[in-house]
Amino acid sequence: MDCGVITSKTVLLLLSLAFWAAAAGLSYVGGYVINTYKSYDNFLQDKYALLPAVIIICVAVVMFIIGLIGCCATFRESRVGLGLFLAIILVIFVAEVSAFVLGFVYREKVKTDVQGTMHSVFEKYDGKNPESTVVDYLQEQLHCCGVRNYSDWTTTQWFNSTGNNSVPLSCCRQDVKNCTGRLDQPQELNTRSCAEELESGLQSVISYAMLVILGFAIVKFFGMLSVCVLTCRREDSGYQPLYSGVFA
């Protein structure tokens, strides 16, 4: 067995193990979601809430089967099994490349989308509705205030209706006690832009996701090469030269 075949088999076995590891991770997530649902099923009327968990477990089963096909085909050097494994890897590779390209495009589009959406959500703030809860959570988690800064609140309907010259308490710095959110005490308020903080966070997440996708795509590419090496070796070894003997 030459070095190329050994390397190809090693790559394919590692790829199969990666599928199994992914299947194990997805199974854990699906089981965790189902167990959590059972703990709080008295508060949930919609039984379709379990659908995502079921889909996750189904995907895990498929991933396990793909890994099993790759492992068996690699050990037996089956042309049918290797061909099936190659087709599966190719489909996943195309999907990963597409996701990488879409991630790159969306990463540049985040800035315009975030600012436009945030302005509309902040305008609906009244301290009670669901949009208000989202805004308060965002400002508390990102330690920010307003779309660009805390002065943005002066143009909202909520600010004009209250008339107390203050911003929501979620704008207060966490290290300040008894903060009232008044604009005449700006040292007690967060000065960061919520739009910039959210843009930075989303772009970081997308960048990490793109790196992970690129890494898996590279592994899939070498996996396809490995399948081709084993398939070509299989074809070459199928025909052996015959020697009829010694000529007189």
- Do Ile88 and Ile218 belong together in a cluster built from hydrophobic side chains that touch within less than 4.5 Å? yes
- Hey, what do you get for SG (Cys72) to CG (Leu82), rounding to the nearest 0.5 Å? 11.0 Å
- Query: Quick one: salt bridge (charged side-chain N to carboxylate O under 4.0 Å, His left out) pairs with a partner in residues 164-173, sequence neighbours left out?
  - Reply: Arg173-Asp175
- With side-chain contact (heavy atoms from CB on, under 4.5 Å) as the test, would you mind laying out the steps for Leu183 and Tyr150 before giving the verdict? CA-CA 8 Å; Leu183 290 178; Tyr150 60 83; 3.6 Å; yes
- Item | Verdict with reasoning, Phe122 to Val135, per side-chain contact (heavy atoms from CB on, under 4.5 Å) | CA-CA 7 Å; Phe122 273 66; Val135 170; 3.9 Å; yes
- Task: Identify whether Leu13 and Ile65 are in the same connected component of the hydrophobic contact network (ILVMFWY, side-chain heavy atoms under 4.5 Å).
- Result: no
- Query: So how far is it from Leu15 CG to Thr10 OG1, rounded to the nearest 0.5 Å?
  - Reply: 12.5 Å
- Using a 4.5 Å cut-off on heavy atoms from C-beta on, say whether the side chain of Met118 contacts that of Leu138. yes
- Classify the angle between the aromatic ring planes of Trp153 and Trp158 as parallel (below 30°), tilted (30 to 60°) or perpendicular (above 60°). perpendicular
- Close side-chain approach of Phe159 to Thr156, heavy-atom, < 4.5 Å: yes
- Taking ring pair (Phe, Tyr, Trp, His ring centres under 6.0 Å) as the test, write out the residues that go with Phe85, two or more places apart. none
- Task: State which residues pass side-chain hydrogen bond (donor to acceptor under 3.5 Å, both in side chains) with Asn164; sequence neighbours excluded, sorted by chain then number.
- Result: Thr162, Ser166
- Item | Student check: side-chain heavy atoms of Phe19 and Ile92 closer than 4.5 Å | yes
- Message: side-chain contact (heavy atoms from CB on, under 4.5 Å) for Lys177 and Glu188? Distances and angles first, verdict last.
- Response: CA-CA 9 Å; Lys177 295 182 180 180; Glu188 297 182 352; over 6 Å; no
- Message: Using a 3.5 Å distance criterion without hydrogens, assess whether the side chain of Ser193 forms a donor-acceptor pair with backbone atoms of Asn149.
- Response: no
- Rounded to the nearest 0.5 Å, how far does CD1 of Ile89 lie from CD1 of Ile66? 9.0 Å
- Message: Would a single hydrophobic cluster contain both Leu14 and Leu225, if residues Ile, Leu, Val, Met, Phe, Trp and Tyr are joined by side-chain heavy-atom contacts under 4.5 Å?
- Response: no
- Query: Does Gln185 CD have over 12 foreign heavy atoms under 6.0 Å away?
  - Reply: yes
- Listed partners of Ser132 passing side-chain hydrogen bond (donor to acceptor under 3.5 Å, both in side chains), at least two apart: Asp126, Asn129
- Where at least one partner belongs to residues 130-141, residue pairs that pass salt bridge (charged side-chain N to carboxylate O under 4.0 Å, His left out), sequence neighbours excluded: none
- Message: Quick check on the hydrophobic clustering: are Phe75 and Leu68 connected, directly or via other members, by side-chain heavy-atom contacts under 4.5 Å?
- Response: no
- Item | Residues that Phe100 engages under ring pair (Phe, Tyr, Trp, His ring centres under 6.0 Å), provided they are two or more places apart | none
- Message: For a quick test of reading the model, state the closest non-hydrogen atom pair linking Cys71 to Ser16 and the distance between them.
- Response: N-OG, 3.2 Å
- Note on the structure: Glu123 and Gln157 have their tightest heavy-atom pair at OE1-N, 4.3 Å
- Note on the structure: d(Asn165 CG, Thr154 OG1) to nearest 0.5 Å is 9.0 Å
- Spacing of CH2 belonging to Trp20 relative to CE belonging to Met63, to within rounding of 0.5 Å: 13.0 Å
- Is there a side-chain contact between Cys172 and Asn190, using heavy atoms and a 4.5 Å cut-off? no
- CD/Glu197 to SG/Cys144 distance, rounded to the nearest 0.5 angstrom? 6.5 Å
- Task: Starting from the C-alpha separation in whole Å, work towards a yes-or-no answer on disulfide (SG to SG under 2.5 Å) for Cys171 and Cys145.
- Result: CA-CA 5 Å; Cys171 282; Cys145 185; 2.1 Å; yes
- May I ask you to test the Arg192-Leu142 pair for a side-chain heavy-atom distance under 4.5 Å? no
